[in-house]
Every structure is written in C-alpha cells, then in structure tokens.
Amino acid sequence: KDKNYAVANDLMDQAIGLYPDYVEAWNSRAMLHLMMNNYSMAISDLSHALTIEPRHFGSLNGLAGILRLTGKQTMALDVYRRLLEVYPMHRGAQRAFIQLTEENTDEAL
C-alpha cells in the first residue's frame with residue numbers, strides 16, 4: 001500500500017531463502033516485480049514458481065498477462081491455453097484467450 005518496494009523485496013527474499021519450494025513466495029515476489037515494472041524479474045520468478053508447481057494458475061495468469069503486455073502475443077496465447085487446461089472456468093483467461101485468438105486470426109487474413 002505504501003509502495004515500500006525495497007522492504008517488501010527484502011521480506012520476499014527472506015521468505016524464499018527460508019522456504020525455497022514455497023510457490024506463493026515466488027508468485028508474490030513476481031507480483032512485486034510487476035508492480036515495479038521489472039518484467040524480466042517477474043517472468044523469472046513466475047517461471048520458477050511454475051517449475052515447482054506447473055498447475056499454479058495464479059502464476060500462469062501472471063505470466064500470460066506479462067507476455068501479453070510486452071507484445072509476446074503468441075507466447076501469451078500458449079500460456080492462457082495451459083491456464084485453461086488447469087482452470088477452465090477462469091473468466092479472465094477465457095476472455096483473453098478469445099481476444100488473442102481473434103487478433104491472431106485477423107492478422108493472418
């Protein structure tokens with residue numbers, strides 16, 4: 001809330017150091033990096049979280065969103081597809097998947 005990112009990052013580093021297999025710590029630090037517009041670090045942390053738990057839909061959703069935001073539409077579409085295999089009723093992923101599919105179809109025409 002106070003945007004004290006340095007303190008938050010230190011706390012997340014400590015949590016990950018103490019519990020390196022705790023997926024939520026990696027996902028939370030990724031969201032912190034995202035708030036700081038540090039997309040490469042966010043992608044790295046999300047990738048690590050997905051290495052631990054490949055079906056973590058929060059990490060899949062975050063990764064797809066960052067890929068989409070950074071113009072990597074085809075990669076985002078693949079991640080949304082994976083997310084929908086895990087959580088088929090995720091409304092945001094459904095909308096994003098449809099929109100990206102339509103955009104890619106329009107570009108192919």
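The basis for the numbers below is simple: all heavy atoms, side chains too, and nothing from hydrogens, waters or symmetry mates. These figures come from a predicted structure and were not determined experimentally. In what follows, residues are counted from 1 in the order of the sequence shown.
The hydrophobic cluster containing Leu77, built from Ile/Leu/Val/Met/Phe/Trp/Tyr side-chain heavy atoms closer than 4.5 Å, also comprises Met31, Leu34, Tyr39, Ile43, Leu46, Leu50, Phe57, Leu60, Leu63, Ile66, Leu67, Leu69, Met75, Val79, Tyr80, Leu83, Leu84, Val86, Tyr87, Met89, Phe97, Leu100.
Legend: salt bridge (Lys or Arg N to Asp or Glu O under 4.0 Å) pairs involving residues 80-99, not counting sequence neighbours, sorted by first then second residue: Asp78-Arg81.
Looking at heavy atoms from C-beta onward, Asp13 lies in side-chain contact with Arg29 at the 4.5 angstrom threshold. Looking at heavy atoms from C-beta onward, Gln99 lies in side-chain contact with Arg68 at the 4.5 angstrom threshold.
Here Ser44 contributes atom OG and His33 contributes atom NE2; the two are 8.0 Å apart, rounded to the nearest 0.5 Å. The distance from the OG atom of Ser47 to the CH2 atom of Trp26 is 10.5 Å, given to the nearest 0.5 Å. Going from atom OG1 of Thr101 over to atom CD of Gln73 covers 11.0 Å, rounded to the nearest 0.5 Å. Separation of atoms CD1 (Ile52) and CZ (Arg55) is listed at 13.5 Å; rounding is to 0.5 Å.
Taking each heavy atom of Met35 and Tyr5 in turn, the nearest pair found is O-OH, 3.9 Å.
With Gln94 contributing its side chain and Pro88 its backbone, the two residues share a donor-acceptor pair below 3.5 Å.
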Enumerate donor-acceptor pairs with a distance under 3.5 Å from any side-chain N or O in residues 14-21 to protein atoms, sequence neighbours excluded.
none

